[in-house]
Peer 1: 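Sharing a structure with you now.
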Amino acid sequence: MKHWQIERDANALVWATLDRAGESTNALSAEVLVEFRELLDQLEQSQPKGLIIRSGKTAGFIAGADIQEFTQLDSAEKGRALIARGWDLFNRLAAVPYPTLALVRGHCLGGGLELALACRYLLAVDEPGTKFGLPEVMLGIFPGWGGMLRLPRRIGPAAALDLMLTGKTLDAKRAKRMGLADDCVPPRVMTAAARQLVLSGQPRRKLPLLQRLLNGPLKFIVANGARKQVARKTRPEHYPAPYAIIDLWAKHQGNALAAPEVLDRIINSSTARNLVRVFFLQERLKSFGKESDFKAQRVHVIGAGTMGGDIAAWCVLRGMTVSLQDQDLERIAPALKRAHALFTRRLREPLRVREAFDRLIPDVSGAGVAHADVVIEAIFENVEAKHALFRALEPQLKPGAVLASNTSSLRLEDLRTVLKQPERLVGIHFFNPVALMPLVEVVAAEGADPAMVQAACAFVRQIDKLPLPVKSTPGFLVNAVLAPYMLAAMRAVDSGISPAAVDEAMLAFGMPMGPIELVDTVGLDIALAAGKQLADGATPPQCLLALVEKKQLGKKTGQGFYDWSSGKAQKVGAGGLVGVLPAPKVGAGGTAPADLAASLVKPLIDRTEKLVADGVVADAELADAGVIFGTGFAPFTGGPLKYREAAGR
Ligand code: NAI
């Protein structure tokens, strides 16, 4: 066989090792599954004592189906055939008379988990890379190879739906605790433990009675709850897959082949096609990190404010040692506090939180610069301040260290004039909030050292963000496309449409947050300044000027377009506009013009096109990727340019 290695040991146990030829990770391509069927054919004749399935890759167990094959589904028949291929095969695996075991080390996702679920036993190897999940929903499809049938039986329907509807993953210990894995062992004993477990004859853990009822006659209770939960986050016209998952589980035992209408609709939906495209765009962004062997261990961040503090914490969370510099300790303290909260949330175990916190070093004197592989400047947005800092920094840098600025609006060309090696400075532009925003723009000024730009991209990948190379122009890609969109939204408010109605139109379009709420979140003073820089001299909207004059600057002051006194935007009523502007003609909840969303999104798309034409970003695909991962632009549309192409506008 090309992809599987089969060994029979002295105990008549068969070890099937998947090591997909020519790839660094295992995926269940059509070929891999054909070979697996042949393996089951062979074993039918020879009746082994047991079968253990494991991976030959250091990268992990199995990452899922081969997503490339999804792009070739151009007919309903092909979609059905793809589902039937795994569904039938894994049903057969589940029914073999000999005991089977999946020995899982590293990622076990999608089709990989569906294969493991069809084995009698699942043994998880406890190491950081081991994670279990059914992320199909993120590609706009469903786990159709038995996941919807077997996961609810294994861990109970509410927990299973939670995993299937969100795509989130479990580590080895949690998988054991939830009953997904039968056991969880350290790597050094995994082989012996697998052998022992597969031959143990131990019965499967039975679900508690209540869970069995909820997965049987009382399914409707769980299904109703899940539908409500999904409806709070997504609209079926944008994301039909989560709704289909609930229905397929509740009405068809997780068998999509029993509901061909649902299957065809989901597999051939434009949402699924676009999300698969977005998946590949993401891979393309990741590939920018592979153009250099640069590896950072120590990072030095200067400026412990909103951005610097959170950038430092994020780098620590991703395994780096980080020194954090500011003018005095008092200014660093709030950043340390936020970092501790982040580590506690993400790492949970006190020992790991402690270890992380130990890697974050407050450093008022800047002693860390000399040891750092990457130095990130995130001080006030002021050229003179940055010049003074760079002058002092340059002589202390290690050779080959990346020197980066997080500036949003200053030109790198102006910042680097004080450097002896100006070609060394790059932009590494993070977005706020750092922990949540996946994109980082890597900015190359004219004449920048390409090796430094590539090293910066490699660093961004190392901390698990998506690098987007952009040219040094005002607003780069993301802020440059947001500015005209936010401006259009505020002009709509000027025209008498309420902020809530503007936001609702864009939520209905598929944006994660309305543009007016976004302005409030960013801060109205910042929006005004950004507008001046990015709006080609257009006069600022009246509503913005009026609110800024009243010092109603948005979330940070408790009042902007909305009332934020409770910490959340109160969208009822006219909010901050009372007494500042005349009452809106279209009130909260009122109906805005039908084409409002299209007219608000138009300037964003126009600007994206222009930035591609100007070469700020290399091509249309990367622009779509940047706008999706940098602004949350409705991913199911495939991005602004894809959306325009499909809508023919
Ligand atoms: P901030 O005002 O919250 O923090 C700046 C910090 O730098 C302050 O704690 C200040 O004490 C410190 N600082 C100033 N001069 C210093 C010096 N010479 N040495 C050491 N520390 C010094 O500012 P924020 O918002 O974090 O912005 C920092 C940079 O990041 C700016 O260049 C900004 O354009 C950029 N940026 C800001 C974003 C945001 O949403 N706030 C988003 C992306 C980039």
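Heads up: numbering here begins at 1 and tracks the sequence. What's counted below: heavy atoms across the whole structure, side chains too, no hydrogens, waters or symmetry copies. Here the structure is a predicted model, which means the values were calculated and not measured. Counting starts at 1 for both ligands and their atoms, following the listed order.
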Peer 1: What residues form a ring pair (Phe, Tyr, Trp, His ring centres under 6.0 Å) with Phe380, not counting sequence neighbours?
Peer 2: none
Peer 1: Would you call Glu381 and Lys386 a salt bridge, using N to O less than 4.0 angstrom?
Peer 2: yes
Peer 1: Does NZ or CZ of Lys556 come closer than 6.0 Å to the centre of the six-membered ring of Trp564, within 45° of the ring's axis?
Peer 2: no
Peer 1: State if Ala378 counts as touching ligand 1 under the rule of any non-hydrogen atom under 4.0 Å.
Peer 2: yes
Peer 1: Between Gly427, Gly366, Gly308, Gly305, flag the one that comes closest to atom 4 (O) of ligand 1 by a heavy atom.
Peer 2: Gly305
Peer 1: Quick one: which of Arg298, Gln297, Lys398 gives a side-chain hydrogen bond (donor to acceptor under 3.5 Å, both in side chains) with Asp373?
Peer 2: Lys398
Peer 1: Are any of the N/O atoms on Gln327, whether in the backbone or the side chain, positioned under 3.5 angstrom from an N/O atom of ligand 1?
Peer 2: yes
Peer 1: Any Lys/Arg nitrogen of Asp614 or Arg607 sitting under 4.0 Å from an Asp/Glu carboxylate oxygen of the other?
Peer 2: no
Peer 1: Tell me the nearest of Ala388, Ser409, Ser408, Pro334 to atom 36 (N) of ligand 1, using heavy-atom distances.
Peer 2: Ser408
Peer 1: Take Trp314 and Arg346 through the side chain to side chain contact (heavy atoms under 4.5 Å, CB included) test and state the conclusion after the steps.
Peer 2: CA-CA 11 Å; Trp314 182 260; Arg346 295 289 181 106; 3.7 Å; yes
Peer 1: So if I count the atoms of ligand 1 from 1 in the order they appear, which ones are less than 4.0 Å from some heavy atom of Phe430?
Peer 2: 42 (C), 43 (C)
Peer 1: Say whether Met307, considering both its backbone and side-chain N or O atoms, lies within less than 3.5 Å of an N or O atom on ligand 1.
Peer 2: yes
Peer 1: Which of the numbered atoms in ligand 1 are under 4.0 angstrom from any heavy atom belonging to Arg331?
Peer 2: 11 (O)
Peer 1: With atoms numbered from 1 as shown, which atoms in ligand 1 lie under 4.0 angstrom from a non-hydrogen atom of His429?
Peer 2: 43 (C), 44 (C)
Peer 1: What is the nearest protein non-hydrogen atom to atom 23 (O) of ligand 1, stated with its residue, atom name and distance?
Peer 2: Thr306 N, 4.6 Å
Peer 1: What residue and atom, counting heavy atoms only, is the protein's closest point to atom 33 (C) of ligand 1, and at what distance?
Peer 2: Glu381 OE1, 3.7 Å
Peer 1: Could you find the nearest protein heavy atom to atom 35 (C) of ligand 1 and give me its residue, atom name and distance?
Peer 2: Asn406 O, 3.3 Å
Peer 1: Hey, can you tell me if Phe636 and His238 have their rings parallel, tilted or perpendicular (30° and 60° cut-offs)?
Peer 2: parallel
Peer 1: Between Tyr643 and Phe509, does the ring pair (Phe, Tyr, Trp, His ring centres under 6.0 Å) criterion hold? Intermediate values first, please.
Peer 2: CA-CA 11 Å; Tyr643 164 78; Phe509 176 86; 5.1 Å; yes
Peer 1: Show which atoms of ligand 1 fall inside a sub-4.0 Å distance from at least one heavy-atom site of Asn432.
Peer 2: 40 (O)
Peer 1: Short N/O distance, under 3.5 Å, between Glu377 and ligand 1?
Peer 2: no
Peer 1: If you measure every N or O of Lys386 against every N or O of ligand 1, does any of those distances drop under 3.5 Å?
Peer 2: yes
Peer 1: Among all the protein's non-hydrogen atoms, which is closest to atom 11 (O) of ligand 1, and how far away is it?
Peer 2: Asp326 OD1, 2.6 Å
Peer 1: Indicate yes or no: does Asp606 engage Lys602 in a salt bridge with an N to O separation below 4.0 Å.
Peer 2: yes
Peer 1: Would Arg284 and Asp619 pass as an ion pair if we require N to O under 4.0 Å?
Peer 2: yes
Peer 1: Give me the nearest non-hydrogen protein atom to atom 17 (C) of ligand 1 as residue plus atom name, then the distance to 0.1 Å.
Peer 2: Ile379 CG2, 3.9 Å
Peer 1: Can you name the atoms of ligand 1, numbered from 1 with element, that are less than 4.0 Å from a heavy atom of Ile302?
Peer 2: 19 (N), 20 (C)
Peer 1: In ligand 1, which numbered atoms sit nearer than 4.0 Å to a non-hydrogen atom of Thr407?
Peer 2: 32 (O)
Peer 1: Counting distance only, does the side-chain N/O of Asp520 pair as donor-acceptor with the main-chain N or O of Tyr562 below 3.5 Å?
Peer 2: yes
